[in-house]
Amino acid sequence: MNYDYDVIVIGAGHAGCEACLACARTGLKTLLTTLNLDSIGFLPCNPHIGGTAKGHIVFEIDALGGEMGVNADKAGIHKRMLNESKGPAVHSLRAQMDKVKYHEYMKKTLEKQKNLSILQNEINEIIVENGKVCGVVTEFGQKITSRAVIVCTGVYLNSHIITGNIFTKCGPNGFRNATHLTDSLQKIGFKILRFKTGTPMRLAGKTIDFDKFEAQSGIDNLPNFSIRTKKKTKSVATCYIGYTNEKTHQIIRDNLNLSPLYQGLIKGIGPRYCPSIEDKVVRFADKNRHQFFLEPEAMSTDEIYVQGISTSLPYHVQQQIVHSIKGLEHAWIMRYAYAIEYDAIDSTQLKPNLECKFVEGLFCAGQINGTSGYEEAGAQGIMAGINASLKLRGKQPLILKRNEAYIGVLIDDLVTKGTNEPYRMMTSRAEYRLHLRQDNADMRLTEYGHQVGLVKASQYNHFLAKKKLLEEGQQIFKNNIGLTQQLKDFLIKNNETLPKNGLTVLNLIQRGNLDIYKVNNEFHYFKDYPSEVLDELNIIAKNFGYIEIERKQIEKAKHDESILIPDNIDYYTMSGLRLEAREKLKRISPTTLGQASRISGVSPADINILAIYLKKKTK
């Protein structure tokens, strides 16, 4: 059969952009469809990229050859490093975006990409024949064929926005929604979930008394998201910190009867980790204030995003809430806050490569899989694009492990455990987060990006050069420094006690008052090493013992991950397995013993029985 395209990607949000670029850049003829060209790479909620754990994901997308980090560096207007007072595992870069520029840069990137065509049209149906996907049908009745389809519909499936008792059938920001595709997904066999998220009001900057708020300037000497960005980007905007007060909270309490959330009008399940302001006031009744941030939406607009005051209360209550806050007494609401409900699928119906278990060649990525956040969507998008490309090129899928990437944790959680609320990545979800740092994302994943064909020569050569220096640096750690007068003077100068004998370079760097920079300035062991290599070597040295503990844990866990479970296994014939375990194992269809052990409802005893069965089967 002569297909019109190799791959069709439905949806041009952050998942769709990464998915179509991954396919097109690996030589596949690709079609990207979107409800509206103006929504390509759109930032409908908070216009920022990165943050706790999310910043890690952006670095990982970049290491694989994705576009989000490159675009974020170009469109960023305010940067900060979160959790700097804590350990390096949770240091997370966050950058406020110029949302207008971010959309423009991403749209231009897609338009210029070879092998990629873009079409504004609603997709009404996914065509499946003999268990294989073979194309789509547009709203005009046009049949477009393909060998693979990647569904990246975000929050647009049967979506409606809610403010008070006003329901509007549309997507975010008033964009049109998708009204037919859910039916097609249900017919295919997907279980449909109903989720909810929300966004705060936008205020006119000229009506805000910014002097009443704490200014938060950006920081310029921070790393970029992308290794491909040559110059360090600068902050050109200022954000502000403010607080609600008891008057604000009383207004909310007095109007809870008007909240669609508390009236039961909202049926979708919302994100536990990003509650609305009315939910905060009710759940944390002991707090007399809640922090919020005033953040610019773009340099070309006066709109200010009020992060921390998400709500679906009626417009007149929103006005009272805003005007009760010092500095916002005369603030004008340009866009009212709203909640949005939308359809998603049960992500346990997907394989670890994000391909549908019962339709070959059909992949899903992004918020349709039950996640929240631009970064989580982009991560799934690039992985779905990579795996669709690998499948069509007759190659094995790329499955990132939990010890290799936050992306691996994210996808494993989705396909193994599923989610009953919008899933948000957090550092606490990763067992090996000291190993999964921002600074070493390139060391962990660039080789994979190169193997699949996304990482270009310049990026790969930079990776090889850095890798070589890191290996050399860790060999230098073993060098012994005799107890010379130079060492004695150096230690005394830095208020360090003198050892009985000499020290290794590693031991010296590990001293409380020392670091690799002070040691290098004195002894020149790492002469001409670039700052990014010194930074990483310093982290390795300072956390050497903990990193070694994690490494041993990873090696131990690899054993279970290496034990493969055959596709045709019959759990119901396995003596000793509990009924719940049989049902869960059959439904999830884990590919390894390690994945099976993470399924909710499968006990360690069940895993032991399964391990014995597989061992006998292997013999």
Side-chain angles (χ1 to χ4, degrees), residues 44-47 99 155 159-175 177 195-213 240-271 274-285 287-297 301-342:
C45 197
N46 193 333
K99 68 188 300 179
V155 298
S159 59
H160 55 244
I161 62 174
I162 309 158
T163 302
N165 61 356
I166 305 300
F167 285 63
T168 306
K169 292 183 178 180
C170 67
N173 215 51
F175 288 122
N177 61 356
F195 281 171
K196 165 254 175 187
T197 186
T199 188
M201 63 285 290
R202 273 68 161 177
L203 307 179
K206 65 183 180 183
T207 64
I208 298 173
D209 186 354
F210 288 107
D211 291 338
K212 302 290 177 61
F213 298 95
Y240 297 85
I241 301 173
Y243 297 90
T244 60
N245 53 57
E246 185 52 41
K247 183 180 178 182
T248 312
H249 298 180
Q250 191 59 50
I251 291 169
I252 292 169
R253 286 191 288 265
D254 290 345
N255 289 280
L256 281 177
N257 62 311
L258 300 178
S259 167
L261 183 66
Y262 287 90
Q263 289 183 79
L265 298 178
I266 293 177
K267 305 298 182 184
I269 301 169
C274 190
S276 64
I277 187 63
E278 56 264 40
D279 216 12
K280 289 180 187 177
V281 169
V282 172
R283 286 166 55 186
F284 308 107
K287 294 188 177 293
N288 56 19
R289 69 176 191 172
H290 290 286
Q291 189 180 64
F292 64 87
F293 296 83
L294 298 175
E295 301 172 327
E297 292 254 290
T301 178
D302 195 40
E303 289 185 68
I304 301 295
Y305 181 93
V306 191
Q307 183 196 342
I309 307 186
S310 173
T311 182
S312 56
L313 283 162
Y315 78 95
H316 64 279
V317 181
Q318 293 189 35
Q319 291 174 343
Q320 294 176 51
I321 290 171
V322 169
H323 295 155
S324 70
I325 298 169
K326 188 177 180 181
L328 301 181
E329 295 91 343
H330 306 291
W332 177 259
I333 300 177
M334 296 178 73
R335 302 181 199 242
Y336 287 103
Y338 60 81
I340 182 168
E341 286 190 321
Y342 57 95

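These values consider heavy atoms only, across backbone and side chains, with no hydrogens, waters or symmetry-generated copies. Predicted, not measured: the structure shown is a model, and the values here were computed from it.
- Between H290 and H249, the two ring planes are tilted [angle within 30° to 60°].
- Within 6.0 Å of atom CZ in R253, more than 12 heavy atoms from other residues, nucleotides or ligands are found, so the atom counts as buried in its surroundings.
- Contact record, I340 with C170: CD1-O, 4.4 Å, taken as the closest heavy-atom pair.
- Residues N46 and Q307 bring a donor and an acceptor atom of their side chains to less than 3.5 Å of each other.
- Residues E329 and H323 bring no donor and acceptor atom of their side chains to less than 3.5 Å of each other.
- Separation of atoms OG1 (T311) and NZ (K280) is listed at 10.5 Å; rounding is to 0.5 Å.
- A donor-acceptor pair under 3.5 Å is formed between the side chain of S276 and the backbone N or O of D279.
- Annotation for Y315: atom OH does not count as buried by contact number, only 12 or fewer foreign heavy atoms lying within 6.0 Å.
- Within the 4.5 Å cutoff, side-chain heavy atoms of L203 are placed close to those of M201.
- The two residues N173 and Y338 come nearest to each other via the heavy atoms N-OH, 3.1 Å.
- Put simply, the side chain of N288 does not reach to within 4.5 Å of the side chain of Y243, judged on heavy atoms.
- Residues L261 and E278 share a closest heavy-atom pair of CD2-CG, 4.5 Å.
- Residues E297 and K99 are paired through a salt bridge, judged by an N-O separation under 4.0 Å between the basic side chain and the carboxylate.
- In this structure, I325 CD1 and D209 CG are separated by 13.5 Å, a value rounded to the nearest 0.5 Å.
- Considering OH of Y262 and CG of L313, their distance stands at 9.5 Å, rounded to 0.5 Å.
- Annotation: H330, atom NE2; neighbour count of heavy atoms from other residues, nucleotides and ligands within 6.0 Å does not exceed 12.
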Chi angles and distances behind the side-chain contact (heavy atoms from CB on, under 4.5 Å) call for L265, F167:
CA-CA 10 Å; L265 298 178; F167 285 63; 3.9 Å; yes
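- The line from CD1 of I251 to CD of Q318 is 12.5 Å long, rounded to the nearest 0.5 Å.
- To the nearest 0.5 Å, the span separating CD on E246 from OG on S324 amounts to 10.5 Å.
- At least one test fails for R202 against the ring of Y305: distance under 6.0 Å to the centre or angle within 45° of the axis.
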Using side-chain contact (heavy atoms from CB on, under 4.5 Å), reason through I333 and Q319 one step at a time and then give a plain yes or no.
CA-CA 7 Å; I333 300 177; Q319 291 174 343; 4.1 Å; yes
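- No hydrogens or angles considered: nothing links the side chains of E295 and Y240 as a donor-acceptor pair under 3.5 Å.
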Y342 vs N177, test: side-chain hydrogen bond (donor to acceptor under 3.5 Å, both in side chains). Steps then yes/no.
CA-CA 10 Å; Y342 57 95; N177 61 356; over 6 Å; no
Would you check, one step at a time, whether the test side-chain contact (heavy atoms from CB on, under 4.5 Å) holds for F210 with I304?
CA-CA 11 Å; F210 288 107; I304 301 295; 4.2 Å; yes
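- The heavy-atom pair separating I162 from S312 by the smallest distance is O-CB, 3.7 Å.
- Considering CD1 of I161 and OG1 of T197, their distance stands at 13.0 Å, rounded to 0.5 Å.
- Scanning all heavy atoms of the two residues, the minimum distance from T244 to F292 falls at N-CE2, 3.8 Å.
- Between the side chain of E341 and the main chain of K267, a donor-acceptor pair closer than 3.5 Å is present.
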Could you go through N245 and T248, starting from their C-alpha distance and side-chain angles, then the distance that decides it, and tell me whether this counts as side-chain hydrogen bond (donor to acceptor under 3.5 Å, both in side chains)?
CA-CA 5 Å; N245 53 57; T248 312; 3.0 Å; yes
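- V155 approaches S159 most closely through the heavy-atom pair O-CB, 3.0 Å.
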